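Working notes, beginning with the structure itself.
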Amino acid sequence: MPETAQQVLDLIREQDIQIIDLKFVDMPGIWQHCSFYRDLIDESAFTEGVAFDGSSIRGWKAINESDMAMVPDPTTAWIDPFMEQPTLSMICSIKEPRTGEWYSRDPRTIAQKALDYLISSGLGDIAYFGPEAEFFIFEDVRFDQTHNEGFYHVDSVEGRWNSGKQEPGGNLGYKPRYKEGYFPVSPTDTMQDMRTEMLLTMGKCGVPIEKHHHEVASGGQNELGVRFAPIIQAADYLMVYKYVVKNVAKKYGKTATFMPKPIFNDNGSGMHTHQSIWKDGQPLFWGDGYANMSKMALNYIGGLLKHAPAILALSNPSTNSYKRLVPGFEAPVNLAYSQGNRSASIRIPLSGENPKAKRMEFRCPDATCNPYLAFAAMLCAGIDGIKNEIDPGDPLDVDIYDLSPEELAKIPSTPGSLLDALKALEADHEFLLAGNVFTEDFITNWIEYKLDNEVNPMRLRPHPYEFSLYYDA
């Protein structure tokens, strides 16, 4: 992969690339792009950027101050496998062209500032993140909301609900049982070849790949495994991950979603996020404490647990996120930590005697998040924990789901809704302002955007199940 602007320009010339596709992430976490003929991208584009209208991007500029510039990162260059014409893709950060300053609402810039804050603190020089994003693949999805109607419909050839359906060629009956979709072989697992193509395509796009497998839920839940990476690259890789998954699924005549809870009464899709801090090439989370964790690592966990309700406003930013975070579906609703215990919101994976593998895993997030914002928020919380030596308390080495109501009442829990998480963020965000990583303007804008565009619109609309509950009242 190229490392410099000149190497990118050489690649364009050597491979006769005609189109340069520049991608950047908007505030909610969706890639936006614009494609340029090769002659329009020169070395200055990598420093001054390429102009575009920021007023049309959600949560960004007003129309009277709309000029912005996207600055491509040459280390993110890859040949787009889904374009008919040779197309080079690069990921951009956003600049203010009037001042030359990086834009304070640009999510990739915020993640960079989080890394800069870690370095300036002297605590470390690399923050590694390893997200594990789950997703569903469906054959059919339909939904609508009008004044007099609201519905959704999803369907999968693997759905257990189709066990009695007449299918072309006959129903062969291999449908994963509810909550029993983890690791079945073919013919129950119908998506092996598609997942393999997804994984290998990501590898061709520069993502360090590891594995793939079916996930727990019936109805086509899957996961691809990629290696951990430094915070910016990890977020870049997740954006490529989602792009590849959706486009390969489309190639197969299917549709993919990272929506946390598209299916009622089965497991939802999360994004367990592994984290560690290194300095001078050495891992800092290995030590002689609980589960071979260092004091720094335990304090990092303390910071995550303390600020978790506020973090979730960024790491679980959809109203649907909180339909996953409920008891009974392997979702981490209790704010506790433990070694190897998947019922805790923070798990310390077993790593043997390998200091380089020592890390912690925050199990709450889901892939509706903007990864740059979510990872930055987690890192800020961890730094706050280290700086203030926040004690995470005692570990909880039991199956939390087996605890009595009295015992559960003593354990803090995740917010019950996006509204609750936004209230937590409003009350607790000083740790995000440290190092000027996030700004007060960004936090205020995020809360207002989520309330105006998601929370309040949902509150105004009747739900189909309400008719079952109340129509005969």
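When a residue number appears, it is its place in the shown sequence, counting from 1. Values below: every heavy atom of this structure, side chains too, minus hydrogens, waters and symmetry copies. Source: prediction; values computed, not measured.
- Between Phe442 and Trp446, the angle of the ring planes stays under 30°, which puts this pair in the parallel group of the 30/60° scheme.
- Asn334 places no side-chain N or O within 3.5 Å of a backbone atom of Ala336 that could act as its donor or acceptor partner.
- A distance-only check finds no donor-acceptor pair linking the side chain of His272 to the backbone of Glu361 [under 3.5 Å].
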Inset, instruction - Verify side-chain hydrogen bond (donor to acceptor under 3.5 Å, both in side chains) between Asn320 and Ser318, making sure each step is shown before the conclusion. - result: CA-CA 5 Å; Asn320 187 256; Ser318 69; 5.1 Å; no
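- Applying the salt bridge (charged side-chain N to carboxylate O under 4.0 Å, His left out) test to pairs two or more places apart or on separate chains, those with a residue in residues 235-252 are Arg108-Asp236, Glu197-Lys251.
- Residues passing the side chain to side chain contact (heavy atoms under 4.5 Å, CB included) test with Glu407, sequence neighbours excluded: Leu403, Ser404.
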Inset, instruction - Evaluate the ring-ring contact (aromatic ring centres under 6.0 Å, His included) criterion for residues Tyr243 and Tyr241: first the C-alpha distance (whole Å), next the side-chain angles of each, then the deciding distance (0.1 Å), finally the verdict. - result: CA-CA 5 Å; Tyr243 179 74; Tyr241 180 118; over 10 Å; no
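- Side chains of Asp384 and Asn388: a donor on one and an acceptor on the other come within 3.5 Å.
- Taking the six-membered ring for Trp and thresholds of 30 and 60 degrees, His307 and Phe431 have nearly parallel ring planes, at less than 30 degrees apart.
- In this structure, Phe52 and Phe24 have tilted ring planes: the angle between them lies in the 30° to 60° band.
- At a cut-off of 3.5 Å, with distance as the only test, a side-chain donor of Ser321 or Asp366 sits close to an acceptor on the other residue.
- Listed by first and then second residue, the salt bridge (charged side-chain N to carboxylate O under 4.0 Å, His left out) pairs that reach into residues 457-473 come to none, sequence neighbours excluded.
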